[in-house]
Asker: 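Please find one structure pasted underneath; my questions will follow.
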Amino acid sequence: MIKLIGVAIVILGFALFVKILETIGNSFVANRGMAIFVIIMLVTGTLERNGLREMAAKLIGKIKNASAGMVIAAYGVLRLVLAAFNVSLGGTAGFVRPVVMPMATGAIEAKHGTVNEDHLEEVKGMSAGMENTTWFYGQVLFIGGSGALLVQSTLKGLGYETNLVDLAKVEIPVAIFALLVAGTLYFLKDRRLSKTLYSTKK
Amino acid sequence: MAFFMDPKVVLNVKLLEVLYILMGIVAGYAGIKTLFEKEHKSRYPTAVFWISLAVILAFGRWMPKVVTGILVVIMAIPAIIKKVRPGTVPAVTKEYSKAMADKIGYKIFIPTLSMGTFAILFAVFTKISPLVGVGVGVIVAILLLMIFAKENKPKVFFEDSKRLLDTVGPLSMLPMLLAALGAIFTTAGVGQVIAGLVSKIIPEGNMTVGIIVFAIAMPLFTMIMGNAFAAITVITVGIGGPFVLALGANPTTIGMLALTCGYCGTLCTPMAANFNIVPVAILDMKGKYNVIKNQVLVAVILLVFQIGYMLIAK
């Protein structure tokens, strides 16, 4: 009897295991579109090789008499637009550290002659914050982005049909608002720090 | 081959399969190339990861689902034990990319924007999936780059894509794995359990309350899981479906905004380490949470804005 129960458990367990594997396989194949980045990488690496980062830096550098906050905001605009086309400039390691930070500290030095450590820490935090915010809210504008595909497949499971263009359109006001909020907050914070942290030294 | 000749299969489906096969080739190239890198620190596990992915992408349609499921598990094992490592393809030197920037200039933005542009064109003017448009955009971008500089030979594109796939690594598969997890949760009925719990707290049939609970549950659950993709399936099935969409709200608006409400949670959690903690190290910052501290206010304002948006556009 016990043996029979054991066999039954094994069979049931195996059936459940197969069912889980089938569910995983089915979901993965249905969501292959989410791996679209694989084909995009066929060009992004070569875009970098051909000077994309350098030209992006040049574009940001066009603003005259920029403050650190303005550099960060300008980077935000560029990153949001590129994110909407599903192109990244290389993230914190690839772009913020080597390009945005030197531009921002350069702007502070030009104004104050030196860079206050607390100011520097906040500029770093704001650059990373702009990097994340504009990437999240810019990428949802890309038609065929993984976020919208996941929402679409989830809603389909509940019986609602949606299309990718409409899903992207919904996010347009949110993306613009996100850029405005982050840009304004960081610009004002930088201006405040720039006024308060250096007043005693001059 | 019979599949592509079959007149009963619509063009869109055929083109998508062509795209998935191309994606499989790119991932497969990364895997096979890894096998030949003698100095690679984790050669075989890394190759197993990329090659299994390549097979799933290219042949998923024709394989039995159980086999695909097994392949997904095989793919996940080297990733879970952290044995998927970058290879030895050298990065592009600054001198080289600087020289190319001087030569090509702002024209570089044309191929950069081509993928997104073709996705939009396909979405607006054809009945074919915008994903196919992305694929066409990639081909156009490749051709443009080849015209811009003769150094950009076909091999260069594959080498560069391998280098980038190495950098993003197995983390890039997270959305698909989470979608699969969501499917298991849904099959297992986790959504119903959450729905049962929530029904004890909020009155059924009140759409405004439902939207607010849905929009706040997303970032909260995201903060715990560290990723909005992990939250969206479960919370949509558990809360969004029964308490908002069942009452007749617009699924496109509510479903999509729920995801970006979740992103507000991503901005506030150390669990999203690669966005909020890793940059602290990369930028040599002093305070471990100083990236998050700079994001909290942005996140709160965005959440309030989106809740308002959902209530108006429902």
Side-chain angles (χ1 to χ4, degrees), chain A residues 18 21-29 31-36 38-47 49-52 54-55 85 87 92-93 97 121 124-126 128-129 132-133 136 140 142-144 146-147 150-151 154-155 157-158 160 162 164-167 170 174 177-178 181-182, chain B residues 20 23 26-27 57 60 65-66 68-69 72 92 97-98 100-101 104 106 108 112-113 115-116 119 123 130-131 134-135 138 141 145 157 160-161 163-164 175-176 179-180 183-184 187 229 233 236 241 251-253 255-256 259-260 263 275 279 282-283 285-286 290-291 294-295 298 301-302 305:
Chain A
V18 169
L21 284 176
E22 271 180 341
T23 312
I24 295 177
N26 192 27
S27 157
F28 226 79
V29 170
N31 289 314
R32 279 177 296 167
M34 282 184 197
I36 190 79
V38 171
I39 197 100
I40 293 175
M41 291 208 162
L42 204 48
V43 279
T44 27
T46 310
L47 285 171
R49 175 183 296 278
N50 286 273
L52 176 62
E54 282 78 2
M55 294 320 293
F85 289 87
V87 174
T92 320
R97 188 185 161 115
E121 175 81 3
K124 285 174 178 173
M126 291 189 285
N132 288 336
T133 308
F136 295 171
V140 283
F142 180 70
I143 295 170
S146 50
L150 183 53
V151 169
T154 307
L155 290 173
L158 292 172
Y160 301 102
T162 49
L164 295 174
V165 180
D166 292 339
L167 289 171
V170 167
V174 185
F177 187 73
V181 169
Chain B
Y20 293 143
M23 280 155 59
V26 176
L57 288 175
K65 277 162 194 164
V66 186
T68 315
V72 173
V92 186
S97 58
K98 180 82 187 38
M100 294 310 281
I104 297 173
Y106 286 117
I108 194 71
T112 304
L113 302 181
M115 283 89 74
L131 291 180
V134 174
V138 166
L145 284 166
F157 293 94
D160 282 338
S161 69
R163 182 167 52 82
L164 277 196
M176 283 169 84
I184 293 177
T187 321
F229 285 4
T233 27
T236 303
T252 305
T253 314
M256 191 65 206
L259 180 75
T260 44
Y263 287 177
F275 294 114
I282 294 174
L283 297 173
M285 291 171 70
K286 291 181 219 150
N290 276 355
V291 171
N294 273 297
Q295 292 175 164
V298 177
I301 296 174
L302 281 177
F305 175 83

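Lettering of chains follows the sequences in order, A, B, ..., and the numbering in each one begins at 1.
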Asker: Can you tell me which portion of A:Leu47 sits under 4.5 Å from chain B's heavy atoms? Options are side chain, backbone, both or neither.
Answerer: both
Asker: Which heavy-atom pair separates A:Gly144 from B:Leu131 by the least distance, and what is that distance?
Answerer: O-CD2, 3.7 Å
Asker: Considering only heavy atoms, which portion of B:Phe157 lies under 4.5 Å from any heavy atom of chain A: side chain, backbone, both, or neither?
Answerer: both
Asker: Which answer fits A:Leu158, side chain, backbone, both or neither, if we ask what part of it has an atom under 4.5 Å from a heavy atom of chain B?
Answerer: side chain
Asker: Does any N or O in the side chain of A:Lys124 come within less than 3.5 Å of the main-chain N or O of B:Met285, such that one atom is a donor and the other an acceptor?
Answerer: no
Asker: By a 4.5 Å heavy-atom criterion (distance strictly below it), what part of A:Val174 contacts chain B: side chain, backbone, both, or neither?
Answerer: both
Asker: Quick one: what part of A:Ser27 sits under 4.5 Å from any heavy atom of chain B, side chain, backbone, both or neither?
Answerer: side chain
Asker: Using non-hydrogen atoms and a 4.5 Å limit, figure out which bit of A:Phe28 sits close to chain B: side chain, backbone, both or neither.
Answerer: both
Asker: If I measure from the heavy atoms of chain A, does B:Val72 come under 4.5 Å with its side chain, its backbone, both, or neither?
Answerer: side chain
Asker: Select one option (side chain, backbone, both, neither) describing which atoms of A:Leu52 are under 4.5 Å from chain B's heavy atoms.
Answerer: both
Asker: Applying side-chain contact (heavy atoms from CB on, under 4.5 Å), run through B:Val291 and A:Asn132 and close with a yes or a no.
Answerer: CA-CA 10 Å; B:Val291 171; A:Asn132 288 336; 4.2 Å; yes
Asker: Could you tell me whether the side chain of B:Val26 reaches within less than 4.5 Å of the side chain of A:Met41, counting heavy atoms only?
Answerer: no
Asker: Looking only at non-hydrogen atoms, find the nearest pair between A:Phe142 and B:Gly116 and report the distance.
Answerer: CE1-CA, 3.7 Å
Asker: Given the options A:Glu22, A:Met126, A:Arg49, which has more heavy-atom pairs under 4.5 Å with chain B than any of the others?
Answerer: A:Arg49
Asker: Would you name the heavy atoms of B:Ala141 and A:Val43 that are closest together and state the gap between them?
Answerer: CB-CG1, 3.7 Å
Asker: Sort A:Ile40 into side chain, backbone, both or neither according to what part of it lies under 4.5 angstrom from a heavy atom of chain B.
Answerer: both
Asker: Which atom names give the shortest non-hydrogen contact between B:Met176 and A:Arg32, and what distance separates them?
Answerer: CE-CA, 3.8 Å
Asker: Which bit of A:Phe136 is near chain B, if near means a heavy-atom gap under 4.5 Å: side chain, backbone, both or neither?
Answerer: both
Asker: Apply side-chain contact (heavy atoms from CB on, under 4.5 Å) to the pair B:Lys65 and A:Val29, showing each step before the final yes or no.
Answerer: CA-CA 8 Å; B:Lys65 277 162 194 164; A:Val29 170; over 6 Å; no
